[in-house]
Protein chains: 2
Amino acid sequence: MQGDTVIFKVLRGVRNAINFPRLRNPLHLVSPMDFSELKSVCCGCSIRELCLPAGLTDQEVLLLDQHMSHRQPIKKGESLYRTGDTFRSLYAVSTGFFKTSILHEDGRSQVTGFQMAGEILGLDAISTDRHICDAVALEDSVVCEVPFERFEELGQLMSNLQRRFNRTLSSEIVREQGIMLLLGSMRSEERLAAFLVNLAKRFSIRKQSGSELVLRMTREDIGSYLGLKLETVSRLLSRFHDEGLLDVHGRNIQILDQVGLNRLVGST
Amino acid sequence: MQGDTVIFKVLRGVRNAINFPRLRNPLHLVSPMDFSELKSVCCGCSIRELCLPAGLTDQEVLLLDQHMSHRQPIKKGESLYRTGDTFRSLYAVSTGFFKTSILHEDGRSQVTGFQMAGEILGLDAISTDRHICDAVALEDSVVCEVPFERFEELGQLMSNLQRRFNRTLSSEIVREQGIMLLLGSMRSEERLAAFLVNLAKRFSIRKQSGSELVLRMTREDIGSYLGLKLETVSRLLSRFHDEGLLDVHGRNIQILDQVGLNRLVGST
DNA sequence: CGATTGGTTGAGCCCATTCAACGAATGTGG
DNA sequence: CCACATTCGTTGAATGGGCTCAACCAATCG
């Protein structure tokens, strides 16, 4: 134990001596001309605190910003990446809406998630250096490309960034466990209610209405995500409508009874 | 772009100059007496390459070993941690078998995984600093406790370790996506077949028989994991037995027709 | 020894699926 | 501009896969 602490103090000393102080130096080394070329992307981004830069200082964000983020538009229906593509970058959704889905050998597919502003795409590819799912834009969108090799290097220099990223990865694990619970032990109406509640919550965090949802995905996408058939989703939406929980007009859904919907999920 | 590269070279230079060379120094600073107290744990571990130290050099493993791993026995039926416990450490299974499960408010629970030698427990807790599932030993087991704060510090100093850890987290995401596919779009017999094939594969990687399985979990555990009722699991095992795919004697299961089982899953 | 836990099997039921028809909206090319 | 195809969504009727309920057995444990 004693030996442990000694070594650790040394290690920590080394890290502190070099990591944080040097962190600022590189920026100072850049000529004024270079500085003028640096356009802040993340710094002025409205969803900064929902995204990778969450919890970083302005200085840190600036560093991340200039060396990492590369904005890129994606048209509705286009793929950001496909299964089998070699993995080079993570993508943070800036604006828009995506779905990710994995393919089974026999042609069946499973939607594994819907991503909106601030959420990260491609985390699953880190493990194998290849994308194992398809990411498709469900509306015209903009993503920030984050070259992963560089990001890892930056993580080594910014412990704060690395710590946040560990949390991002862990959150994705938690999210998926929630889906496992949903798929493994909820009935259809509970699944759909949970889905709508989750979507509403994520919209409202982003300062959008938490009761008026504009679905960007088809009934089939929802069904795949929830382990249901599209007809079942359609029927359930109609039933929720009849029961006064929702107002359903195609993809425009207004939540009329938030409490009733939550009761269905079982939480609260 | 030019500016990018300049700064990056500097950053990389800083890292290289301090990270790897210094890495060895702390050990040299320790007195001989301290050295004698250091017992290698991971270094001699038979599953080293399946566990956190995978891909590290001997020197790096030694460092990880001495400051991180703390072996700890867990009796069958005991909890390694419970939902709500504050998160301090990850645990690597050294020997034995665990299950993790999350609890729904209304009492329902969902088994989210079974962990065997070399697999890491607690990854989901990183996101919130609290454990969000229960981890229970299904047989007498030994785990290596890895205090996470220290591990993060070490990751900052060993880029290799950090990179591997990113992959570990990502692999867990991929694993869970596989379960989502299973729960969302497979029929009961496919699920059970996939489960058995996966279990057999993991046993055989660990130099154990890939055809003679000794299940450590109950039918109910399996059912929860696969989104089925225990009766369904029992019936399916009986059917597989009748069809000559398996030899089932309680928890001792021998796979008789590997090919037939794989055909059920749909892969190959 | 009874009590408890885990496993198997049967009978009937129900929820979600399958199959099918139809309508609305959108886009495309002549 | 219309005719046509395509995609998406809704709704009905019938089916069936997995669930519920229940009885029974085996192993383990106090």
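Sequence lines set the chain letters: A, B, ... in the order given, protein chains first and strands last, and positions in each chain run from 1. Bear in mind that the values here come from a model prediction, so they are computed numbers and not experimental data.
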### Query
How close or far is atom P of C:dC15 from atom CD of A:Glu190, stated in whole angstroms?
12 Å
### Message
Just to be sure I understand the rule, does A:Gly227 reach a base, reach only the sugar-phosphate, or reach nothing, if contact means heavy atoms closer than 4.0 Å?
### Response
sugar-phosphate
### Query
Within the structure, does a side-chain N or O atom of B:Thr232 lie under 4.0 Å from either OP1 or OP2 of D:dC19?
yes
#### Entry: Nearest-Å distance for atom pair CG/C1', residues B:Leu226 and D:dG18
13 Å
#### Entry: Gap between atoms CZ and P, on B:Phe240 and C:dT8 respectively (whole Å)
13 Å
### Query
Whole Å only: how far is the CD1 atom of B:Ile253 from the C1' atom of C:dG6?
14 Å
### Task
Between D:dC21, D:dT10, C:dG6, spot the one nearest the side chain of A:Ser234, thanks.
D:dT10
### Query
Nearest to the side chain of B:Ser238, which nucleotide is it out of C:dT8, C:dT17, D:dC21?
C:dT8
#### Entry: Whole-Å distance separating the CG atom of B:Asn252 from the P atom of C:dT8
12 Å
### Message
For a quick test of reading the model: is some side-chain N or O of A:Arg219 closer than 4.0 Å to OP1 or OP2 of D:dT10?
### Response
yes
### Task
Whole angstrom is fine here: how far is it from CG in B:Leu230 over to P in D:dC24?
18 Å
### Atom pair distance, as rounded to whole Å: CD1 in A:Ile222 and C1' in D:dC8
12 Å
### Query
Is a salt bridge present between B:Arg108 and A:Glu190, judged by a nitrogen-to-oxygen distance below 4.0 Å?
yes
### Summary
Taken to the nearest whole Å, CZ/B:Arg251 to C1'/C:dG7 is 9 Å
### Task
Classify the side chain of A:Arg235 versus the base of D:dG12 as yes if they form a donor-acceptor pair under 3.5 Å and no if they do not.
yes
### Message
Under 4.0 Å, counting only non-hydrogen atoms across every strand here, what does A:Leu228 touch: a base, just sugar-phosphate, or nothing?
### Response
sugar-phosphate
### Task
Please determine if B:Arg167 and A:Asp129 form a salt bridge, counting it only when a charged side-chain N lies under 4.0 Å from a carboxylate O.
yes
### Task
Check whether the side chains of A:Ser101 and A:Asp134 place a donor and an acceptor atom closer than 3.5 Å, and report yes or no.
no
### Task
Determine, for B:Lys76 against B:Glu139, whether the closest basic-nitrogen to carboxylate-oxygen distance falls under 4.0 angstrom.
no
### Task
Quick one: label B:Thr218 by what it contacts on the DNA or RNA (base, sugar-phosphate, nothing), any heavy atom closer than 4.0 Å.
sugar-phosphate
### Query
Does A:Arg239 have a side-chain nitrogen or oxygen under 4.0 Å from the phosphate oxygens OP1 or OP2 of D:dT11?
no
### Query
Between B:Arg175 and B:Glu172, is there a salt bridge with N-O shorter than 4.0 Å?
yes
